[in-house]
Every structure is written in structure tokens, then in C-alpha cells.
Visitor: 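Below is the structure I would like to discuss, written out as C-alpha cells.
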Amino acid sequence: MGRYLVPRFRAAGREVVTISRTGADIAWGDQDAVDAAVDGASLVIGLAGGGEIGSGFSVEVAKAWERALFADDLPSTRRVALRSAIVLGHGGVLRPLRTLARLGLGGAHHDGRWPVSRARRAAGTGHVFGAARGRQRFSWVHIEDVARIIDFLEQHPELDGSINAASPHPVDDAAFMATVRRVLGVRIAFPMPRWMLELGAIGIRTETELVLKSRWVLPETLTAAGFAFAHPELEGAVRESFDREQSA
């Protein structure tokens with residue numbers, strides 16, 4: 001998201017200062033520089049995890065960030081917790097899915113039983129078996145709409161609090177993967193069982209809960225305020241994402 005937003009804001013003539021562990025204008029450990037950059041800024045964007053209210057790894061990450069965001073009294077600062085669904089665009093989640101689909105592994109993600117260590121349970125990262133066979137719900141949003149939502153929120157000071165950044169047309173996992181295959185022209189697809197997902201998650205240091213847990217959110221606050229999505233339908237969003245990657 002950051003790699004998309006930074007050049008977009010700079011192209012609009014805005015001064016952008018990035019803060020990260022590596023490769024940014026300011027390192028997180030330089031507290032004085034962080035304070036100076038944030039103080040008086042017209043817009044501060046924190047890129048952290050999102051998730052629907054419930055339980056599980058991504059949800060606990062989102063709750064922790066929201067508690068920190070709203071913890072202190074800041075009467076002169078408007079705060080918005082933008083709960084982003086899985087973001088589609090050039091790269092990101094679609095890149096490995098594109099590769100898997102072309103290898104014939106672009107089927108639905110099937111849940112299953114898997115031993116969960118005590119440490120993962122304690123950390124809240126152990127996904128609980130839900131018996132879904134590609135029917136887990138899947139909310140998504142295109143990266144261009146994320147940027148447009150941020151612009152919209154900046155222009156509408158009456159909006160604050162928690163706001164869902166998600167397409168108005170979510171699907172389920174099986175439909176999502178079918179759309180990926182259709183756009184790529186792939187006809188053969190085997191489902192991805194949980195054991196395979198768990199091994200892959202270890203390799204890229206993530207959690208299977210991110211694809212096995214149902215997420216079904218709607219952008220009710222945004223649509224009520226008059227926001228119009230540039231990519232409301234999944235197939236158009238996936239096709240644009242792959243076309244952009246191909247041209248790049």
C-alpha cells in the first residue's frame with residue numbers, strides 16, 4: 001500500500017515523509033524525528049493490519065492498533081480507523097495467487113484440522129477449524145479505491161471513528177479463486193488443503209487464518225456519505241491488477 005500511496009501523493013504535489021524500520025525517510029527508533037514529522041502534519045497514515053470484529057490473529061492486531069489510536073485525548077486531531085479488507089492491486093496478495101493458479105493450484109482454500117502449538121494459541125494466531133471448503137467469505141478492496149477513500153475522508157471532516165474500506169460486493173473464497181482463474185484463462189485447478197497452506201505460511205511468515213477465516217464487511221458509512229467505488233466488482237478489479245502487473 002505504501003509503495004502505491006507515496007508516489008501518488010507526491011505526484012499531487014504534497015510533501016511526503018515516510019517512517020519505517022528500513023528504507024524510509026525516518027526510522028522508527030528516531031523518536032525526535034518522528035515527533036517532528038507528525039507534529040503539524042495535515043495527514044498521517046498508519047499502515048497496519050485490518051479485520052472484522054471477532055476473534056483471531058488479524059482481528060487482534062486490528063484491535064490493538066485501534067486501542068492505541070483512540071487511547072489518548074486529542075481534541076484537535078480527527079482520527080479514523082480505516083478497517084481495510086484484503087487489498088488487490090499490482091503485486092500484493094494476487095502475485096502468489098497468480099503463480100499458484102498457473103501451476104494448477106488455483107482452487108479454493110480448504111480448511112482442515114491441524115495441530116496448533118500452545119504458543120500460537122497464547123498469541124491468538126492458531127486458526128480454529130471451521131469446516132469451510134472454499135465457502136469462507138472474502139471481503140476485498142482495490143488499491144486505487146483505498147487511495148480514493150483516503151482522499152474522500154480528508155475532504156469530509158464529519159467522518160471519523162471506525163470505517164470499513166471494502167468493496168460493496170464481497171464474495172466467497174471459491175468465487176474469488178474462480179475469478180482469478182477466469183481472468184488468467186486457467187482451466188485446471190486443484191484445491192489447496194490446509195496442510196499445504198500451513199507449510200506455505202511458514203515459508204512466508206504469515207498465518208493461514210488470513211485466507212481460511214470468513215470476512216464479510218460492507219462499506220456502509222462510505223456509501224451513505226456518497227463515496228463511489230472505481231472498482232466495485234471483483235472481476236474488473238482483478239483484471240486491472242493483472243493488466244497493470246503485465247505492463248510493469
Visitor: Considering only residues two or more places apart or on different chains, which pairs with a residue in residues 169-196 satisfy ring pair (Phe, Tyr, Trp, His ring centres under 6.0 Å)?
Guide: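 Counting only pairs at least two positions apart or across chains, the ring pair (Phe, Tyr, Trp, His ring centres under 6.0 Å) contacts touching residues 169-196 are Phe138-Phe176.
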Visitor: Evaluate the side-chain proximity of Glu240 to Asp243: yes if any heavy-atom separation is below 4.5 Å, no if none is.
Guide: no
Visitor: If you count heavy atoms of other groups shown closer than 6.0 angstrom to CD of Glu235, is the number above 12?
Guide: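 More than 12 within 6.0 Å, yes.
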Visitor: Using side chain to side chain donor-acceptor pair (under 3.5 Å) as the criterion, list what pairs up with Glu154, not counting sequence neighbours.
Guide: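 By the side chain to side chain donor-acceptor pair (under 3.5 Å) rule, Glu154 matches Arg14.
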Visitor: Is the backbone N or O of Ser162 less than 3.5 Å from a side-chain atom of Arg83, with the two atoms forming a donor-acceptor pair by type?
Guide: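 Pair absent, no side-chain N/O of Arg83 close to backbone of Ser162.
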Visitor: Could you pull out the closest heavy-atom pair between Trp216 and Ser139, with the gap in Å?
Guide: CA-OG, 3.4 Å
Visitor: Which atom names give the shortest non-hydrogen contact between Val146 and Met1, and what distance separates them?
Guide: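 Heavy-atom minimum between the residues: CG1-CE, 3.5 Å.
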Visitor: Sequence neighbours left out, what passes side chain to side chain donor-acceptor pair (under 3.5 Å) with Asp30? Give chain and number order.
Guide: none
Visitor: Mind checking side chain to side chain donor-acceptor pair (under 3.5 Å) for Glu144 and listing every partner two or more places apart, or none if nothing turns up?
Guide: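 With neighbours one apart ignored, the set is His231.
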Visitor: May I ask you to decide if His109's main-chain N or O and Gln136's side chain share a donor-acceptor pair within less than 3.5 Å?
Guide: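 Looks like yes, one N/O pair under 3.5 Å.
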Visitor: Evaluate the side-chain proximity of Pro170 to Val217: yes if any heavy-atom separation is below 4.5 Å, no if none is.
Guide: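 SC-SC contact between Val217 and Pro170 ruled out.
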Visitor: Decide yes or no for Leu88 and Val238: does some side-chain heavy atom of the first lie under 4.5 Å from some side-chain heavy atom of the second?
Guide: yes
Visitor: Is there side-chain contact between Leu43 and Ile150, with heavy atoms separated by less than 4.5 Å?
Guide: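 The answer is yes, as the side chains (C-beta and beyond) meet within the 4.5 Å cut-off.
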Visitor: Counting N and O atoms only, with roles assigned by atom type, does the side chain of Arg78 sit under 3.5 Å from a partner on the main chain of Leu159, one being a donor and the other an acceptor?
Guide: yes
Visitor: Not counting sequence neighbours, which residues clear salt bridge (charged side-chain N to carboxylate O under 4.0 Å, His left out) with Glu198? List them please.
Guide: Arg120, Arg194
Visitor: Would you call Leu222 and Ile149 a side-chain contact if the rule is heavy atoms closer than 4.5 Å?
Guide: yes
Visitor: Start with the C-alpha distance between Phe242 and Val180, add both sets of side-chain angles, then the distance that settles side-chain contact (heavy atoms from CB on, under 4.5 Å), and finish with yes or no.
Guide: CA-CA 9 Å; Phe242 286 153; Val180 170; 4.2 Å; yes
Visitor: Considering non-hydrogen atoms only, spot the tightest contact between Pro96 and Gly92 and give its length.
Guide: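 Taking every non-hydrogen atom into account, CD-O, 3.2 Å.
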Visitor: Is it the case that the side chain of Asp25 and the backbone of Thr18 share a donor-acceptor pair, with hydrogens and angles ignored and the cut-off at 3.5 Å?
Guide: yes
Visitor: Treating Ile, Leu, Val, Met, Phe, Trp and Tyr as nodes and any side-chain heavy-atom pair under 4.5 angstrom as an edge, say whether Val141 and Leu47 lie in one connected cluster.
Guide: yes
Visitor: Partners of Arg137 by salt bridge (charged side-chain N to carboxylate O under 4.0 Å, His left out), sequence neighbours excluded?
Guide: none
Visitor: Just say parallel, tilted or perpendicular for the rings of His156 and Phe152, cut-offs at 30° and 60°.
Guide: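 Parallel: the ring planes of His156 and Phe152 meet at under 30°.
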Visitor: Would you check if the side chain of Arg215 reaches a backbone N or O of Ala85 as a donor-acceptor pair within less than 3.5 Å?
Guide: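 Checking the backbone N and O of Ala85 against the side chain of Arg215, no donor-acceptor pair under 3.5 Å is found.
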Visitor: Counting C-beta onward and ignoring hydrogens, is there a side-chain heavy-atom pair between His142 and Ser241 closer than 4.5 Å?
Guide: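 Yes, their side chains come closer than 4.5 Å.
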Visitor: Decide side-chain contact (heavy atoms from CB on, under 4.5 Å) for Met192 and Leu105; before the verdict, give the C-alpha distance in whole Å, the side-chain angles of both, and the deciding distance to 0.1 Å.
Guide: CA-CA 7 Å; Met192 294 282 284; Leu105 298 174; 3.7 Å; yes
Visitor: For a quick test of reading the model, state the closest non-hydrogen atom pair linking Arg102 to Leu184 and the distance between them.
Guide: NH2-CD2, 4.2 Å
Visitor: Can you give me the closest heavy-atom contact between Pro7 and Gly2, atom names plus distance?
Guide: CD-O, 4.2 Å
Visitor: Within a strict 4.5 Å, meaning less than it, do heavy atoms of the Met177 and Leu97 side chains meet?
Guide: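 Side chain of Met177 against side chain of Leu97, heavy atoms only: contact under 4.5 Å found.
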Visitor: Decide, yes or no, whether a salt bridge links Arg148 with Asp151 under the criterion of side-chain N to carboxylate O below 4.0 Å.
Guide: no
Visitor: Ignoring hydrogens and geometry, is there a side-chain-to-backbone donor-acceptor pair from Asp173 to Ala108 under 3.5 Å?
Guide: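 No.
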Visitor: List the atom of Ile26, the atom of Ala37, and the distance in Å for their closest heavy-atom pair.
Guide: CD1-CB, 3.7 Å
Visitor: Within the 4.5 Å heavy-atom criterion, are Arg3 and His90 side-chain neighbours or not?
Guide: no
